[in-house]
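Numbering of ligands and ligand atoms starts at 1, following listing order.
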Amino acid sequence: MKTISIKKFSSLVLAFILVSVFLLFYDFYLKEKHITETLIQTNLQTAALNLNEFLRKNFDPAHIGTITSQLDSRLVSNKTLSSIEIVNEQNKIIYSSLDYTKGRSDQNRTCMPITQIMQSKLDTTPCYQFAIEHFEGLVGHDYKIILGIDLQYIYKILTQEAQQILEVALFFTFILFLILYFSLHNYIIKPLEALRNYAYYSEYSPKEFIIKEFESIRYSLEMTFKRLKTEQENLYNLSTKDPLTQLYNRNDLQSQIKRIIASSKRSHKKFAIIFLDLDNFKNINDSLGHHFGDIVLKRIANYLRNAIRENDVPARIGGDEFLVVLPDTENEHSVIEVLNRIQHHIAAPILIQKERYNITVSMGVAIYPKDGKDFNTLLKHADIAMYNAKALGKNNYQFFTDQLNKSVQEKIKMQTLLATALEKGYFELFYQPKVDINTNTITGCEALIRLVDPQEGIIAPDRFIPIVEENGMIIAIGEWIIKEACEQIQKWQTTPLKNIKLSINVSGVQLEERNFLEMLEENLSCIESAKLDIELTESVLIREFDEKIKLLHEMKKLGITLSLDDFGTGYSSLSYLRDIPFDTLKIDKSFIDTMQENRAFINMIIGISQDLKLEVVAEGVETQQQLEFLKEMQCEIYQGYLCSKPLPAHQFEERFRECNHIS
Ligand code: C2E
Ligand code: CA
Ligand code: CA
């Protein structure tokens, strides 16, 4: 439907009202005119009747002079009459109030009979007539009485009235127009337009209106907008703010960072993002409950706000993970200042139920554009730096570096490779000979694991053992190693290597697995268990010492032997040797490398080992000179590149035949 503006609409209504008012006035004028005309007509009719009466009594054509003064006075007293004439049967004017017409014949003159005056048009009929009869003796003569009408006068009366009515009409209509226009404009059009603007832009609420309905619409609109605004604010806060801490959430942080990136791009300025993760927050949450966990997070958020500048952007992006963006970072020093301030603020103890809790935080920093040009990269790199801070003992901060990135990438690559390595058969055991120093023959070997990547080739255990120990995969891999080693021992039973002793390395994580002992026992079932030796480092004893000792005794009961690996690198407490049923002690390569300086120490270890009836293996022997030294010190067994690197099974077998002179 076609719409029309209120302005146009009210103009039309106004015009309609004005035209109607004007027509009313016109109608009024016509009626007034008619009344005036009727009055004049009646007046003329009465005048004619009176004149008729007067003439009937007093008219005598022979003595016309006796009535002229009477006739004149009648003419003067009636302003509508301009003349009175009396015409005889010969059409001759025998009397005329107009002197110049007297005596003239009046043949052409036809006037309207006075009896028809009411039907005549007053302003266009110049004269009326009536007849009288006069008897001279018995003969009657007709005379015509002609009444001339003062048309000018009548016109004047009628137009004067019209003018007056018109003036009043115009004045009245004008005043009406003003009143209507003013009222419409001020009380309807203006409020409606104000309401329309208010409804459209919802910006400025109009002043109160006089008209009740408009006022109630204005009031309802105001209330609706207020409610909408608070709802909008709530929604905005919900979508951009973390409800617990009132810091920005991840979503909004992302758009904030995009904005900062755009402005930094233009101004060629750097900015830093700090990734914060509370240390041991899980403990607080677990021990105190989530309610107090929330209190801690809120407190930390406040500390964070206090530690940063006004235009820095603080956000909470996960459970106990926070992020701060520092726009316009000049150099690392300015970032370090902020990092120190954050650490300082967060160090303030938090009091919960009269208990003081000290929270520490690990932080990682990434700097735009050096460490990333987009939100995700920067976040990922700050996260990597933060993990490094955690790995370095927590409660510190680290900057992202390319080196760090490489090692993380390597770790990720390793993890993906390891995820399927076992099922794809990428692991292989290599065997390094243990050589009897006196006879120079191979008496045992150590199984050392290798990861064979189809692309990269052989990967040494240093690159993946720490990863699988961390993610628990060592359990499955360790089981595979034991199984593989036992199978190898079994295979050798029909070969010249049947007497060889095979050592495997077992990590602390494996020992903590509940069913380790059963698993070991199961694998040992098909071999002579004395052929298997298990190498352990001191580090396995760090946790749950007593239980570990018990376990080691249980293991020993299965018939295997135990070696203390890397002796000299850890605590190297000799008391272990008394408490734990070790059979062999392996002196670490680092001592062999610096044999000259450590001569006394090695001598002592060998001495004590002999007393305790322990076999001593020297690790990492690379030179003949080292071998001579060991021989002198009465060390019985060595392991090292001097004899052989760790080798795949068949190569090891060849080496065995070679050394032990078996053809
Ligand atoms: P480890 O048990 O001390 O093993 C001895 C390491 O010294 C082996 O390194 C061996 O190749 C190396 N080595 C032996 N003789 C020499 C030498 O003359 N010169 C030099 N430079 N190195 C020599 P590998 O095979 O890289 O193993 C490194 C470590 O990885 C092992 O140290 C052990 O802690 C761990 N590992 C290896 N295989 C296994 C395994 O099957 N299970 C577990 N849990 N850990 C293993
Ligand atoms: Ca070892
Ligand atoms: Ca070792």
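- Taking the ring axis of Tyr387 as reference, the NZ or CZ atom of Lys390 does not stay both within 45° of it and closer than 6.0 Å to the ring centre.
- Among all heavy-atom pairs drawn from Ile482 and Met519, the shortest one is CD1-CE, 3.7 Å.
- Results of the side chain to side chain donor-acceptor pair (under 3.5 Å) test with Thr441 over Thr439, Thr443, Asn438 single out Thr439 as the only residue that passes.
- When heavy-atom distances to ligand 1 are checked against a 4.0 Å cut-off, Glu446 comes that close only through its side chain, counted from C-beta outward.
- Within a 4.0 Å radius of atom 9 (O) of ligand 1, the protein has no heavy atom.
- Checking each of Ile481, Asn505, Ile504, Leu429 against Leu448 for a side-chain contact (heavy atoms from CB on, under 4.5 Å) leaves exactly one that passes, namely Asn505.
- At a heavy-atom cutoff of 4.0 Å, ligand 1 is contacted by no atom of Thr537, backbone or side chain.
- In this structure, atom 6 (C) of ligand 1 has its sub-4.0 angstrom surroundings free of protein heavy atoms.
- Proximity of atom 38 (N) of ligand 1 to the protein is indicated by at least one non-hydrogen atom lying closer than 4.0 angstrom.
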Exercise for review: Would you please test Asp583 and Lys613 for salt bridge (charged side-chain N to carboxylate O under 4.0 Å, His left out) and show each step?
Suggested key: CA-CA 8 Å; Asp583 304 277; Lys613 307 252 177 324; over 6 Å; no

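- Under the 30°/60° scheme for interplanar angles, the aromatic rings of Tyr431 and Trp492 are found to stand perpendicular.
- Proximity of atom 12 (C) of ligand 1 to the protein is not indicated, since no non-hydrogen protein atom lies closer than 4.0 angstrom.
- Going from atom CG of Asp402 over to atom NE2 of His381 covers 8.5 Å, rounded to the nearest 0.5 Å.
- With distances taken over non-hydrogen atoms, the option nearest atom 43 (C) of ligand 1 out of Ile459, Ile534, Asn505 is Asn505.
- Protein heavy atom nearest atom 19 (N) of ligand 1, with residue, atom name and distance: Glu622 OE2, 2.5 Å.
- Under the rule for a side chain to side chain donor-acceptor pair (under 3.5 Å), the partners of Glu615 that lie at least two apart in sequence or sit in another chain are Thr584.
- Between Gln432 and ligand 1, an N or O atom pair is found at a separation short of 3.5 Å.
- At the top of the distance list for atom 20 (C) of ligand 1, counting protein heavy atoms only, stands Lys589 CE, 3.1 Å.
- Only protein atoms were considered; those of element N, O or S under 3.0 Å from the Ca ion (ligand 2) number 4.
- Residue, atom and distance of the protein heavy atom nearest to atom 28 (C) of ligand 1 are Asp462 OD1, 3.4 Å.
- In terms of polar-atom proximity, Leu642 is not counted as a contact of ligand 1, lacking any N or O under 3.5 Å from an N or O of the ligand.
- Here the shortest heavy-atom pairing between Ile500 and Gly444 reads CG1-CA, 3.7 Å.
- Ion pairing between Lys434 and Glu446 fails under the 4.0 Å rule for side-chain N and carboxylate O.
- In this structure, atom 32 (O) of ligand 1 has its sub-4.0 angstrom surroundings free of protein heavy atoms.
- Polar contact check, Tyr641 against ligand 1: a nitrogen or oxygen pair lies under 3.5 Å apart.
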